[in-house]
Amino acid sequence: MENNKKRKVSSLRKKSVSVVLIAASVLSILAVSISGVFYSYNMFNHYKKLAEQLADTSASLMSAEDIKRYYDEVKQIEPYDDDKYNNDEAYRAEYDEKVNAIKDEKYQQMLDTLFIFEDQSKERNDIEYIYVQVIEGDKVTYIFDADHTEDRYQLGTVRPVSSSLNDTNNLENGIPAFISNNPDDGWLCSCMRPVRDSDGNPVALVGVDISMSKVVTDGIVYFVTLIGIILIAVGLLILLILKGTASALVAPINRLSEAARSFVEDKGEASKERSAISRLNIQTGDEIEILCDSIKQMEHDINDYITNLTAVTAEKERIGTELALATRIQADMLPNIFPAFPERNDLDIFASMTPAKEVGGDFYDFFLVDDTHLAMVIADVSGKGIPAALFMMMSKILIQNAVMSGKSPADALMTVNNQICANNQEEMFVTVWLGVADLESGLLIASNAGHEKPIVKSSDGDFEVFNDKHGFVIGGMNGLKYRNYEIQLEKGSKVFLYTDGVAEATNDANELFGMERTLDALNKCKGETPKTVLETVKKTVDEFVGSAPQFDDLTMLCFEFGGRENGLTIDATLENVALAMDYVGEKVQKLPFSSKAKNQLEIAVDELVSNVARYAYGENTGDVNICVNNDEKGITIRITDSGVPYNPLEKADPDITLSAEERGIGGYGIFIVKKTMDDIRYEYKDNKNILTIRKDFDNQ
């Protein structure tokens, strides 16, 4: 066994030679590249130093005093105009004549010196241009330009100063050598040195441009040749590597690949005969042989895995089908048709449940105990999934049976708790809030078994948490007693019930939605229907949670009490008019009417009830009903009697332009009511006279 291991290690070392060769090629390329960089760096530095030396030599050949004199004389000539000089022959002849008058023998000697220096340096150093400039402000004036072509700048030629000369330091010390490339002149190495007077002050700059075109061309040829040699060497090396690895690595791997492909394609025939992998026999004496043995073992494991996976998949599909059925059953167990009581206007209710898994442990329920009592339930079972759903359905049925048998909420919870505790080996429990609302009086009797506190909104107020007293959870301990408590609802009051999935909804930052955000969401839509209230809260929770997963069921229920306003019913006598006025006055006193508007309402009630007492029943005695309803805009008062049909609105209004004797008596009371109320209507329905008056808050 040890000899076999040594043979394998030795074989791998031989194969590692290929990797070493490739690494050597990479290092060779890297070394050549670095040498090329150094070559370019050294060549450019050589030409920069050469340009500086030539510029220093040229500056030493110049006379600062003469240059200054030429510049001062040129400045006396009419300012140089480049456009005129190039386009106007008369101007150019006149300007050249003036400039030539300035040129003396000394000037020609210095220019010839520059030409000689340039010509001597051109063959050795490829010097392209030598020129002398004087800079003042934003303009540069040429004094000398040693250019053999006709494009040379004459004495006095003015050009805008370049950005490189704007710095005062550059004027003092010149410009260090730099490499540039432009379409007209190609690659140049340029340098400028100052010409100083006897006091050491710079008078002008001598510029030298050396052509770098040959250097660049030689460099390109060098790099192209170098790259070609490297490519040829790498190509030959790759051929050697390919030839060496083809038999040692590629061929066995291809056999493995073909066998693996055949195993996948012929999987259905695997049980009839041995697969290509099983028949494969690779003896390379290295890791490829080990790989072949591993693939054979993998084939055996895959066959076992596929067999098990087929069984597991079938079971998972069966469970998925059952979960989908359980979800539908659970949804059908809860009231899910809305509006729930479309024929009634004394209540509005809406509920929703969004489970965290396929099925959840939360549930809600509502049902009419009788024609005037509505039961409402919201609960949260411990745990999630199928067990919680089963426990939920059992709890729901038990609670409904207890309430329908006539028990109060507290007694119903006690009964259900004892029934569950009698056979609760899994020790599951459920928190429950149970309430029964009297749809006549608005009295809500409720009991709480460890559930969230209800949130209640009065008819004209905000949603607020109702701090009720909690009992222990259902299923926690046998023999527990629960307490009833009361909430007096008014017309327009709302009750919001929920599970902890609302307040404990969590976002990506691990923040809880919380009770404060819940109340804010509720109060933003406090005037809306229960359906809109729940949709608003759900949307707000979803926006807060964002992409975070839902960890708990989200269940909500909202009930709005529509109320049945019976009003005040009294005998229609003049003695009872005061009772009607007191009744209305008590209702009006809480509303935002002015004193004048309140008096107008009392006068209207006095007049209308008095009319019923005098004329509705003749010699007999009947009753009159006064019903008061208010909303956000004002108050509506309805006066109903069962007397003879009579519409007081048909009586013509008195002519107030006549004198009192001419007008006579009668008709003034109903006329005043018409003038002071915003609306007055009469109808005769179900053998009753119904007179309705309306007074708005903003018309006082």
Side-chain angles (χ1 to χ4, degrees), residues 442 457-462 488 490-493 526-527 563-616 623-641 643 646-684 688-700:
K457 173 194 171 299
S458 61
S459 59
D460 56 354
D462 293 337
Q488 182 60 54
E490 303 172 353
K491 183 177 182 180
S493 295
K526 61 183 179 181
R564 291 183 179 179
E565 181 62 75
N566 294 323
L568 174 69
T569 302
I570 56 176
D571 291 337
T573 63
L574 293 175
E575 291 78 13
N576 286 338
V577 172
L579 295 178
M581 294 177 63
D582 291 341
Y583 174 75
V584 173
E586 182 180 352
K587 298 284 186 180
V588 171
Q589 189 64 34
K590 302 176 182 179
L591 302 177
F593 284 113
S594 65
S595 298
K596 178 181 177 181
K598 292 177 181 178
N599 290 334
Q600 291 173 345
L601 287 166
E602 291 180 2
I603 291 171
V605 172
D606 183 3
E607 174 62 24
L608 298 176
V609 175
S610 296
N611 282 345
V612 174
R614 290 190 180 97
Y615 310 114
D623 57 31
V624 60
N625 177 266
I626 301 95
C627 182
V628 179
N629 287 299
N630 64 278
D631 52 31
E632 296 178 355
K633 296 182 179 180
I635 190 171
T636 301
I637 302 174
R638 186 177 67 249
I639 299 173
T640 307
D641 67 83
Y646 174 68
N647 182 4
L649 303 182
E650 293 179 348
K651 184 177 180 60
D653 294 337
D655 188 353
I656 60 176
T657 62
L658 301 176
S659 62
E661 292 78 14
E662 293 174 325
R663 289 197 303 267
I665 59 175
Y668 290 99
I670 194 66
F671 175 74
I672 294 174
V673 174
K674 290 180 181 179
K675 293 297 182 182
T676 56
M677 296 298 108
D678 293 302
D679 186 34
I680 181 168
R681 288 171 291 166
Y682 169 84
E683 66 174 335
Y684 187 79
K688 292 182 180 181
N689 294 299
I690 303 173
L691 189 67
T692 305
I693 59 175
R694 171 78 183 182
K695 185 73 172 175
D696 293 333
F697 295 139
D698 56 353
N699 293 324
Q700 302 175 11

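Computation of the quantities below employed the complete heavy-atom set of this structure, encompassing side-chain atoms and omitting hydrogens, waters and symmetry-equivalent molecules. For this chain, numbers begin at 1 and follow the sequence in order.
Remark: side-chain polar atoms of K457 are paired, donor with acceptor, to backbone N or O of S459 under 3.5 angstrom. At least one donor-acceptor pair under 3.5 Å links the side chain of K695 to the backbone N or O of T676. Judged purely by atom type and a 3.5 angstrom limit, N689 uses its side chain to pair as donor or acceptor with the backbone of Y646. The closest donor-acceptor contact from the side chain of D641 to the backbone of V612 lies at 3.5 Å or more, if one exists at all.
The CD1 atom of I635 sits 4.5 Å away from the CD1 atom of I637 when rounded to the nearest 0.5 Å. Distance CG/N647 to CD1/I690: 12.0 Å, rounded to 0.5 Å. Atom-to-atom distance recorded for I639:CD1 and L691:CG is 6.0 Å, nearest 0.5 angstrom. Note that the CD1 atom of I670 and the CG atom of L608 stand 5.0 Å from one another [nearest 0.5 Å]. Here the CG atom belonging to L579 is positioned 12.0 Å from the OG1 atom belonging to T569, to the nearest 0.5 angstrom. To the nearest 0.5 angstrom, E607 atom CD is 11.0 Å from I693 atom CD1.
In this structure, the side chains of K674 and L649 come closer than 4.5 Å at one or more pairs of heavy atoms. Looking at Y583 and V628, their side chains come closer than 4.5 Å, going by heavy atoms from C-beta outward.
Surrounding CD of E586 are at most 12 heavy atoms belonging to other residues, nucleotides or ligands under 6.0 Å away. Atom CD of Q589 sits in a sparse spot, with 12 or fewer heavy atoms from other residues, nucleotides or ligands closer than 6.0 Å.
Shown here are the side chain to side chain donor-acceptor pair (under 3.5 Å) partners of N576, two or more places apart in sequence or in another chain: T573. Shown here are the side chain to side chain donor-acceptor pair (under 3.5 Å) partners of D679, two or more places apart in sequence or in another chain: R681. E602 is linked by a side chain to side chain donor-acceptor pair (under 3.5 Å) to nothing, counting only residues two or more places apart in sequence or in another chain. Shown here are the salt bridge (Lys or Arg N to Asp or Glu O under 4.0 Å) partners of K688, two or more places apart in sequence or in another chain: there are none. The salt bridge (Lys or Arg N to Asp or Glu O under 4.0 Å) search around D462 returns K526, not counting sequence neighbours. Checked against salt bridge (Lys or Arg N to Asp or Glu O under 4.0 Å), K633 has no partners two or more places apart in sequence or in another chain.
Across V673 and A604, no two heavy atoms sit closer than the pair CG2-CA, 3.8 Å. For G634 against F697, the heavy-atom pair with the smallest separation is N-CE1, 3.5 Å.
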Subject >> Trace of the side chain to side chain donor-acceptor pair (under 3.5 Å) decision for R638 with T692 >> reply: CA-CA 4 Å; R638 186 177 67 249; T692 305; 5.6 Å; no
